[in-house]
Amino acid sequence: MESEKVNIDPWSSTQSTDYTRIIEQFGLSNMNNLSLPDPSHLHRRGIVFAHRDLDIVLDAQKTGEKFGVLTGLMPSGRMHLGHSMVIEQVKWFQQMGGDVTIAVADLESQATRGVSLEKGREIALTEYVANYAALGLNPDLTNVYFQSSRSEVQRLGFQLGKRTNLSEFEAIYGFRGETNLAHVQAPMVQVGDILHPQTEDYGGLRPIVVPVGVDQDPHLRLTRGIASKTNWFNVKENNGPGVLIGLSVQDENAELLGQQPNGRIDKKKVASIFAMIVSDLAELGFSDINSNPKQGTIVVPSATKRDMNKIRFKLLNLERKLGGMGLLAPASTYHHFAVGLTGEKMSSSKPKTTIFLDDDIDSVTKKIRKAYSGGQSTIEEHRRIGGNPDIDVAYQYMMYFFEESDSYLAELNSEYRNGKILAGEMKQICIDKATDWMENHHELRAQTEHLVKEFLADDAL
Ligand code: TRP
């Protein structure tokens, strides 16, 4: 059968959960072949299921080099459990040594949802940042900023517009003639969000990882494409052995790379650029370097695929020295969406589908009681056939949010499947766990409320 294409739309209220197909179609990498230090429950349970270039970040972490984490929040509705998954990942990266930047997408929220900047700020602080504090982000190592007050983000968003066009937006987002331009601008601002931590004023060149739900992947594809298009030096696998480096001549660098306005080549300039590249490569320890200025290429025969990142990094630094932007494509991780309580998509605009972080215990209890279950319709049948934990919301929420112990979960899973645990019992177990979790969270929230200001970057005060 001809496989249908999955459509990922960051603004849609429906969402594909065909994760295998998503991985294939969009070229994400599986998490299976990575070994993570101290994996969190989201990693251990396969909830964080895919990534792009996460190995670059893990390598930096391993060797004690700097890396950053960036994510963003849309200040419109209330914060619910689904939103906490990204924060759990941010916390995990923070504990591994990453510096953390969080974008409040107040411009996006204003343009696409009609939320005023003032209201957006209030929602961001009371709904989101207050919960981040309670979830355990470290205020000393976290910088929250607003899109509307960080000019570097807006500048980059505008400037990098040059590296894309409407056809690409059509291909990535399905935009058409009647698309409101706010929807065209918002992704460009998000490109600015994602790339700006690499600029000198915000920490300089280092790998940046963006943990998101898979609905945000179109933005990452766009950003990664744009970043690569700005690069002056392309690094790729050679057809023969080794790694091939090529020059990308652009308006910005033509003169510097020896392309004179009259079309002639300034051989001396070309030679000096090639000499710089060769000397940088030699610094990395390569001795066999085939420099071919006439062809505009350099081959490092002994370099392996693993060396490519090192080389890329070095050449981004060189590009910066020469006046280029030197942007590294961002890494990313993707998590599965927890199913909504009702079985449909979880959404803040449908309170029955989710648990808000400030819901009281009473409503949490009621919501879980009414939740979609994977049990059979009669007890007799349930005992005979067993329940299905894969679609049972109570079980799923323990797995996603409330239960730390893998072995206890495994026990619940098998006893549900073999009919020993009934649907109502599973719900009660979940209610007890959720109650503990929520009570603890509310207590932490009260204790950490005073820290909210400390999360704010200087330009957000
Ligand atoms: N567009 C994101 C959302 O709808 C918010 C956002 C803005 C974001 N900038 C970001 C997310 C940068 C990740 C990275 O939730």
Side-chain angles (χ1 to χ4, degrees), residues 8-15 48 51-53 57 68-90 93 98-115 117 120-121 123-124 127-129 131-132 137 142-150 152-154 156-157 160 169 172-173 182-199 202 207-224 226-227 327 329-335 337 345-349 354 457 460:
I8 298 185
D9 174 353
W11 298 282
S12 162
S13 56
T14 57
Q15 182 61 60
V48 174
H51 71 95
R52 292 185 192 271
D53 285 350
V57 176
V69 190
L70 177 125
T71 193
L73 68 98
M74 177 75 118
S76 60
R78 296 159 67 194
M79 180 162 172
H80 58 63
L81 282 175
H83 295 123
S84 72
M85 281 191 273
V86 159
I87 301 308
E88 285 298 331
Q89 289 185 75
V90 170
F93 283 118
D99 62 87
V100 174
T101 311
I102 297 177
V104 177
D106 60 344
L107 288 179
E108 182 178 359
S109 188
Q110 182 186 45
T112 63
R113 310 218 172 157
V115 176
L117 295 182
R121 180 182 176 93
I123 295 175
E127 272 299 324
Y128 290 83
V129 181
N131 281 313
Y132 295 176
L137 283 196
T142 309
N143 272 294
V144 174
Y145 74 93
F146 295 86
Q147 286 178 332
S148 65
S149 48
R150 189 159 282 190
E152 179 70 7
V153 164
Q154 297 170 34
L156 271 175
L160 292 170
F169 272 50
I172 296 183
Y173 300 104
H183 274 90
V184 177
Q185 288 163 328
M188 286 314 301
V189 177
Q190 187 152 340
V191 169
D193 285 331
I194 294 173
L195 293 175
H196 90 283
Q198 297 181 39
T199 62
Y202 292 95
I208 302 290
V209 59
V210 186
V212 285
V214 75
D215 63 316
Q216 297 294 306
D217 186 54
H219 299 311
L220 278 141
R221 260 179 282 143
L222 176 71
T223 308
R224 287 169 58 87
I226 287 178
L327 296 173
S332 50
T333 61
Y334 304 91
H335 59 79
F337 290 105
K345 188 194 171 193
M346 189 188 275
S347 158
S348 0
S349 56
T354 189

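In each ligand, atom 1 is the first atom listed, and ligand 1 is the first ligand listed.
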Quick one: table the atom pairs, ligand 1 N or O against protein N or O, below 3.5 Å, distance rounded to 0.1 Å.
from     : atom 1 : to     : atom 2 : distance (Å)
ligand 1 : 1 (N)  : Glu108 : OE1    : 2.9
ligand 1 : 1 (N)  : Glu108 : OE2    : 3.4
ligand 1 : 1 (N)  : Gln190 : OE1    : 2.9
ligand 1 : 1 (N)  : Gln216 : OE1    : 3.1
ligand 1 : 9 (N)  : Asp193 : OD2    : 2.7

Intermediate values then yes/no, side chain to side chain contact (heavy atoms under 4.5 Å, CB included), Tyr145 and His196:
CA-CA 12 Å; Tyr145 74 93; His196 90 283; 3.3 Å; yes

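The only option from Thr101, Leu220, Asp217 that meets the side-chain contact (heavy atoms from CB on, under 4.5 Å) definition with Val210 turns out to be Leu220. Between Met79 and the choices Val129, Leu73, Ile123, Asn131, the side-chain contact (heavy atoms from CB on, under 4.5 Å) rule is met once, by Asn131.
Between Gln147 and Ala105, the shortest heavy-atom contact is OE1-CA, 3.1 Å.
Listed by chain and residue number, His83 satisfy the ring-ring contact (aromatic ring centres under 6.0 Å, His included) test with His80 (two or more places apart in sequence, or in another chain).
The structure places CZ of Phe337 at 7.5 Å from CE of Met85, a figure rounded to the nearest 0.5 Å.
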